[in-house]
Structures are given as structure tokens and as C-alpha cells.
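Structure first, then comments.
Throughout, protein chains are lettered first and strands after them, A, B, ... in sequence-line order, and every chain is numbered starting at 1.
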2 protein chains.
Amino acid sequence: MARDSEATRARILDAAEAEFAAYGIAGSRVDRIADAALANKALIYKYFGTKDELFDAVFAHRVLAFVDEVEFDATDLPGYAGRSFDLYERFPTTLRLTTWYQLERPDGKLPAIVASNDAKLAKIEEAQRAGKLTTAYSPLELLTEVRALAMSWHLHTPELALVRRPSRARCREVVVESVRRLVEHD
Amino acid sequence: MARDSEATRARILDAAEAEFAAYGIAGSRVDRIADAALANKALIYKYFGTKDELFDAVFAHRVLAFVDEVEFDATDLPGYAGRSFDLYERFPTTLRLTTWYQLERPDGKLPAIVASNDAKLAKIEEAQRAGKLTTAYSPLELLTEVRALAMSWHLHTPELALVRRPSRARCREVVVESVRRLVEHD
DNA sequence: AAAAGACAACTAACTAGTTACTTGCTTTAG
DNA sequence: CTAAAGCAAGTAACTAGTTAGTTGTCTTTT
């Protein structure tokens, strides 16, 4: 095997992503990551520092890449919700990583995410001023509810998952339609 | 009963609830629970078995108690959402426990929760048949979206929490109003 | 072109500390 | 006295992080 540090880093990142998504930070084992990545444990520490820092690297690499992957159009929030839904379907680990991040890093404030949020809130406010969006809710209120609806199907309790879920297309339709009702002028 | 084992059990349960809510199953430390409960570690194992079983006991004791704490009225889903919101405000640990449960126990299916869900779905179906509830969504779809909206404010990312949140009363109003729009006949 | 040197990639084995869980004994109430 | 409650002191296994050394590759010198 030729030596390729870049490839090794990538393998470690991939393995770490799967491990952290499955077990969270506290539950993940560095040895398991090393095994899965076919890399030596010491390399993980050399390339990424501590376990926590490895999580940060994974989170930044995967989640931040998707923050702006979904196009945001304040005048079409149903469409935004639908595209968010699609992303959660395509990359199921992303939401799990985000949830672990929320639970295990309650004080972690990534500048890129903060900036992305601010931009979205500003766009909503602008759309409201232009009369293209309901003013029944503040920008933060809108973003909060739209996001909640977009990930509603992916935050099911294990028990609700027992009930037969509608088709993916129908779930998406429900999300989009719910947001449409939320933002429609009265 | 010599000495008060019931009180000791209760102290352990309380301490375990706080610990699990804060750190999850993998991140929790039995020693910390014992210290916080002013109880000996061996008693934890004597009364509750393993750490996993202790989590189950906490989850059953706290969360199951609240499953039917909130009165469910299929003809007044906005009211149900509001009352759910109130519960999340009153007992912030409950939602965290539930989230850890979802992440760390993806296969855990508690009969009491399943039964409670089934009952709610049946009530929704009945209300729909009686023409008292929109039929634009299936019972599962309605329950999913209503729940997502009810906990929308409590699933904020750390980054969104930086933005000044509206007053509790206003958040509640937003939840109730969102559900009202969701279920209104068109 | 070949040998020597430099350096980065990589590794096995280890350390120091932690953690879930147990055992054997003491204390207390009835 | 007895039975249950309670505890100090363990133990075996695990785990994050380190160390000292090896291997492969590229560059420089002759």
C-alpha cells in the first residue's frame, strides 16, 4: 500500500462519521474508528488531536457542507422545507450527528452556522417587508416552525416508527403542504 | 422495612434522571449518580441492576408518567400542542431523556408508549370520521406534524438559541396558532 | 546512477487513568 | 436474634492518549 496521508485522513473521517453518528461522542470508541478506517490509532491523534476534536472535524466536514447545500428562498419556504426533507432522506447520518452535537455540545457555536442563520433571518425579514411573506410570525418564529416541520419525519420516536410510514413522496408532500398552510396569508 | 429503602431508591432515581438527561447513557457515570444521590454505588446495582436498566427505570418513571399527563383531544389539536409545549417548559429534562432514548435505544419499544400512540391515532381517526377534523392528512401524518410543532422551540440548535427567543407566552402562541393553521379545513 | 540523508507515514506495544460491577463485612430496626 | 439496609474496598476490563521505533519515498551529494 503506497503511503497517502490524504487518503488516510479521508478514511479516518469517514469511519469517524459512521461511528459518531451511531454512538455519539461519549459512546464512540477511538479503537473502533481506527479499525474501521484501517488506520493506526496514533494517526488519528496525529491528524485530528483528541476525540472531541475529531468529532468537530467530522461535524465541520459533513454538516457545515450541507448548511448551505439547501438553497434558501424566503419567498418559497415550502420549497425550502421540501429540499431540507430531501437532504435528511439522502444523508440520514447528518441529522443524527446534529442531534448528538446539540445534546453533547450545548455550548458549541460554530460561526458558519451562526452566519448562515443570520442570513436566513435577514432574507425572511426582507421578504416580509416586501409583502411577499406573512407577517403573522417573526423571522425567528418562521424559521423555527419551518425547520421543525421539515424534520418531523426524522425525529420519530422508535415507537411511532412501528406504525407504517407513508411513502417518501407522501411524507415530503405533507411537509411541503404543512409549511404552505403555515405561511399562507389569511 | 429496616431503614428507608424507598427514600433511597427515590434519591437514586432523581440523581440518575439528572445525570442521564445531562450526559446520556454512554456519557453518564454511575459513581456520579451515587455521589449525587448520597447513596452507595452498590445500592444502585442492588435496586436497579445494570446502568442500562437504571436508565430504563428512569425513563419509565419520568417519561411514561408524562405520556398521558397531557390530555389528548383529537378535536382540539392546537390545545394539545399547547399543553405539550407547557410540559416541555415545565420539565426540560423530559425531552432530553427522550432524545437520548431515541439515539441510544433505536430498538426500544415500550408497550405503554405504543399503546398511547395507538389510542391517539384511533381518536384522530374517529374525529375525522365524525367530520370534526381535517382529512387532508392521515392520523399518523397529523400526529407527526403536531408533535414536531409542539417541540419546535425545544429542539433549537445551540446556534439558533443565540438569537433572542420570544417570550414563553409568545412561543406557546406560535405553536398553537401553527397547529390551528395546519388542521383548519380549507 | 548509486549511495546517503532527511523526512513523513505508519505501527505495535504501552501507560495511566477510568468505569461498570462485585464482595464481604458492618450497622440498624423490629 | 434476624433480616434487610448500607458501605468500604476491591477487581477485571476497558479506553483515551503516548512512545519509541520501523518503513517507504523523495532529495541531495558524489
Glu53(A) CD - dG17(D) C1' separation (whole Å): 12 Å
I need the CG-C1' distance between Leu43(A) and dA12(C), as an integer number of Å. 12 Å
Answer yes or no: are there more than 12 heavy-atom neighbours, outside Lys132(A) itself, under 6.0 Å from its atom NZ? no
Measure the acute angle between the ring planes of Phe59(A) and Phe55(A), then classify it against the limits of 30° and 60° as parallel, tilted or perpendicular. parallel
Which listed nucleotide (dA16(D), dC10(C), dG6(D)) is nearest to the side chain of Lys41(A)? dA16(D)
note: Arg29(A), atom CZ; dT19(C), atom P; distance rounded to Å ~ 10 Å
In whole angstrom, give the distance that lies between atom CZ of Arg32(B) and atom P of dT19(C). 7 Å
I want to verify a distance call: between dG10(D), dT11(C), dA16(D), whose nearest atom is closest to the Val30(A) side chain? dA16(D)
Comparing nearest nucleotides in DNA chain D, the 5'-proximal residue of the pair Arg11(B), Asp31(B) is Arg11(B)
Which one, dG6(D), dA9(C), dA16(D), comes nearest to the side chain of Thr8(B)? dG6(D)
From the list dA5(D), dG17(D), dA9(C), which nucleotide is the closest neighbour of the side chain of Lys46(B)? dA5(D)
Nucleotide dT15(D), atom P - distance to CD1 of Ile44(A) in whole Å: 14 Å
What verdict does the side chain to side chain contact (heavy atoms under 4.5 Å, CB included) test give for Leu140(A) and Leu160(B), after you've listed the backbone C-alpha separation in whole Å, the side-chain angles of each residue and the deciding distance to 0.1 Å? CA-CA 9 Å; Leu140(A) 176 62; Leu160(B) 250 196; 3.8 Å; yes
Whole-Å distance between dC7(D) P and Asp35(B) CG? 12 Å
If you go through the side-chain atoms of Asn40(A), does one of them form a donor-acceptor pair with the base of dA12(C) closer than 3.5 Å? yes
Considering only NZ, NE, NH1 and NH2 on the basic side and carboxylate oxygens on the acidic side, decide whether Glu126(A) and Lys123(A) come within less than 4.0 Å. no
Kindly say whether, by distance alone, the side chain of Lys51(A) makes a donor-acceptor pair under 3.5 Å with the base of dG17(D)? no
Within this structure, what is the CD1-to-P distance between Ile33(B) and dT19(C), rounded to whole angstrom? 12 Å
Closer than 3.5 angstrom, by distance alone: can the side chain of Arg180(B) be matched with the main-chain N or O of Pro78(B) as a donor-acceptor pair? no
Selection from dT11(C), dG6(D), dA20(C) that lies nearest to any side-chain heavy atom of Tyr45(B): dA20(C)
In whole Å, I'd like the distance from the CZ atom of Arg9(B) to the P atom of dG6(D). 11 Å
Taking dC21(C), dT22(C), dC10(C) as options, the one with an atom nearest any side-chain atom of Thr50(B) is dC21(C)
With respect to the side chain of Tyr47(A), which nucleotide from dA20(C), dG6(D), dC10(C) is positioned closest? dC10(C)
